[in-house]
Amino acid sequence: MEAQFAQSRLIWAPKDPSRTHVEGFRKIVNRKHGLNLKDYHDLHKYSTTDYTFWQDLWEYLGIIYSVPPDKIIIPGKIKEVPEWFPGARLNYAENILRHNGDSIALTGARETGQLKHVTFRQLRELVREMAAAMRVHGLQKGDRVAAIITNHIDVVVIAMAAASIGALFSSTATDMGAQGVLDRYRQVKPKLIFAETEVIYATKTIDLVPKVITVVKDLQNHGLEATILLPSAKTEREAHIPTGIPNCYTLRQFLARGDNRPLAFEQLPFNHPFFILYSSGTTGVPKCIVHSAGGLILNGMKEHVLSYDIGPDDTYFQYTTPGWMMWNSILPGLSQGARLIAYDGSPFHPSLPAFLKFVNDQGVTIFGTGPRFLAEIQAQGIDPHKLAPFDSLRTIMSTGAPLTNQVFEWAQEAFGNVHLTSVSGGTDICAGFCSACPSLPTYSGELQGKALGMAVEIWDVHGKNVEDTGTPGELVCVRPHPTMPVFFWGDENNEKYRKAYFDMWPGVWRQGDFIVKNPKTKGYIILGRSDGVLNPSGVRFGSAEIYAVLDQFRDDFDDTLCVGQRRPEDKDERVLLFCKMRPGVKFTPELVQRVKSAIRQALSARHVPSYIFEIEDIPYTVNNKRIEIAVKQIVSGSNLKPSGTVANPESLKLYYKFRHLEQLLKEPKAKL
Ligand SMILES: CC(=O)CC(=O)O
C-alpha cells in the first residue's frame, strides 16, 4: 500500500475550522459532560463509545417530538438491532417540514430547462392536500405507498404525505423495467402507486404508460387499491386514464377526493418503519431494506449539519433519481431551511457545459455527484471556471464509487477552493460510514474520516482489527447505530438480514467493502467490494487500485472492468482486465504492454492482470455502479439470470466466452 499512500496529497484544508457546526457541537459536548475532546477524532471516539452521543445530537439538532424517550437504547427483537429511544413519539415529516416561510424549499428542474420553485409554505400546503386525499382513500399507518417517479417536486410531496400518516414509502426510477419494478413492489404490496406517464431523458420522450399498465395490473393481485397517474413531465398536461385499469386517477382527480382537512402528523415510535430501499442484487429478487423514520431523521440531520454544515442559506443539489438512496438521504436538508434542487434528466443534455452552468446559475452551495461525472468533465477537456465563476459553490461531494487520486486532484484544481470530499456508505444504512468532515483536511484519493456515531473498524480475515497498521481489510461496524435497517420486508425470522451483514462475525456488521486507512493522514481508501477482492497467488488487493492506475489511459479507454477468475479446476485465481475502447481508438499489443507496465510500476508485478481483453460493454446497475461480482461469477463458470437492477443486461452475455480461456486463446489475436 505504500505506493498508494505516497500519492495522497493534501489538497484542501478548512480556513477556520472553529466556524464549522461540528466544532461548535464538540464544544457543547465538552461543556455538557465535562469532557476534554480536543478534535474531530476525539469526538468520533466519544460518539462510538458512549450512546449518550445520540441523545446529545437529539438535543443539539432540536428533534421535534411529542413524547420524550425513556432511554437511548434497549436490545431489540432482532438481537443485533436495538430499539432506539424507546417510549419516544415523533414524526419524520413534522421534523422535515418544520419551516413554513416564503423562502424556496424545493426547485424542480428538468433537462429541458423547465424550472419550478416551491416555498416552504407551499410545500406544506401541497403535502397537506396530498395527505388529506390519502387519508380519505383510507391509507393508514403501516400501509405502503409506492412510486415510479422522476426526481421532481411530486416525489417529495408524496413521500412526506405518506410519512405524516405513518405509511411506508418506496420509489423506483422511471428507467427501471417492469420486471425490476415488480420484483420490488410485489414484495412490499403497496396500497397506492403513483406513476409518471411521460418523461424526457437525454432529449428522448418516453411513454411510460405501457409499462405502468403491466405493473399495476400485476400489483392489483398483490393488494394495490389505486393508481395515480402523474402529469406529463414534458407538457405538464394531465395524464389520460387508459382503459382497463380500475381505480385509476389522474393526480388532479385523486387530490380532488381530499376533504381539505389540516395536516396532522401521526406520533410514532422512533423505530417506526418509513423508507423501503432495495439491495442491488444483480441476480435474484432484491432484498427489501426497511429504514426507520427516527433513524433517518436523526442521522440524516447529523450528516447535513455536522458533515455538510448546511444552513438556511444553502442550496443543495444532489444529482440522483428517486431510485438511489442518495435521494432519500438528502431530504433532511429541508429541516435546516436549505433549498433542495430536484433534477430530472441527463446531466449530459443538452450538454455538460449547460449542466455545469445550471449548477452555477442556481447558486448551488453543495453539489453531490460521482466519479464518473467528474471524470467526464475532465475527459471532455472542460475548464469549469471558463464556463462560470461558481462563486456560491462551497462543497462538492462525490459518492457511488471511489474517487481516484488522479480525478480527485484534477477536480480540486479545476473547481478551485471548494471542499471536495468523497463519501462512502450505502443503501444498507441509507447514510455514510465514512463521511465529509469540514473541520479536517482532505487528501487526494481518500475519504476524510469516519462518520460520527459509526464504530467503523478494519478487520482481517481472522477478525483482528488492523485499522492502524496500514493493512487493507473488511469494513466492519462494531456497534449499532440508528440507521441500521429495522428489518427486511418479508424476512420472517430475520434470516436474510443476519446473513446479509452478520454472517461472518456474529454481532459485527460486515459492510462488504475492502478498505484501508492511511496511517499518516488518517484518511480511508475504499479498494473495492470485498466479494470482488482480487487474490492471485495469495496477494489480496482491490479492483479500485487497478482503476486508479488506468486513469492515465482515459484517452484510450471509455471504461474498464477488473475481476478475478477461478474455475473449479483452477488452483489459483487469475486477474482479468476488460477494456471498452473510446471510439476510434484501437486495442493493440503495444497498448496492452503500456497498461501492464503502468500497473507494474505503480503497484507491483503481482498486480499485473494475467489477461487483458477488449470488450464492447461494461455492465452497470441502474444506480450507475460497475457490476464486478456477476462478471466474476460468469467467467468462473456460473450461469446467471440478470435482475431488473442491471441497466444493460445484454452486456453480461459478452463475458461467458471468457470462462473457456484456453479455447479462446487459441483463436487468432485473442490473447494480448
Ligand atoms: C453514500 C453512498 O455510499 C452512496 C453509494 O455508494 O451508494
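Whatever order the structure lists them in is the order used to number ligands and atoms, beginning at 1.
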message: Quick check on W324 - does any of its heavy atoms sit under 4.0 Å from an atom of ligand 1?
response: yes
query: Counting each atom of ligand 1 from 1 as listed, which ones have a heavy atom of G426 under 4.0 Å away?
result: 2 (C), 3 (O)
- prompt: Any sub-3.5 Å donor-acceptor pair from S530's side-chain atoms to G512's backbone N or O?
  reply: yes
query: Below 4.0 Å from any atom of ligand 1, is there a heavy atom belonging to G400?
result: yes
field: Close side-chain approach of S335 to N95, heavy-atom, < 4.5 Å
entry: no
field: Nearest non-hydrogen protein atom, atom 2 (C) of ligand 1
entry: T399 OG1, 3.2 Å
task: Flag T427 as yes when one of its N or O atoms lies below 3.5 Å from any N or O atom of ligand 1, and as no otherwise.
output: no
- prompt: Would you find a donor on one side and an acceptor on the other, under 3.5 Å apart, between the side chain of Y655 and the backbone of A630?
  reply: no
- request: Check whether the ring centres of W12 and F408 lie less than 6.0 Å apart, and answer yes or no.
  value: no
message: When you measure from the side chain of T365 to the backbone of R394, do you find a donor-acceptor pair of N or O atoms at a distance under 3.5 Å?
response: no
task: Kindly say whether the aromatic ring centers of F433 and Y524 come within a distance under 6.0 Å.
output: no
query: Considering distance alone, does some N or O of S424 sit under 3.5 Å from an N or O of ligand 1?
result: no
task: Say whether G425, considering both its backbone and side-chain N or O atoms, lies within less than 3.5 Å of an N or O atom on ligand 1.
output: yes
- request: If you have a sec, work out which protein heavy atom is nearest atom 6 (O) of ligand 1 and how many Å separate them, to one decimal?
  value: K625 NZ, 2.5 Å
field: Contact (N/O only, under 3.5 Å) between M326 and ligand 1
entry: no
query: Does the gap between the ring centers of F355 and F317 come in under 6.0 Å?
result: yes
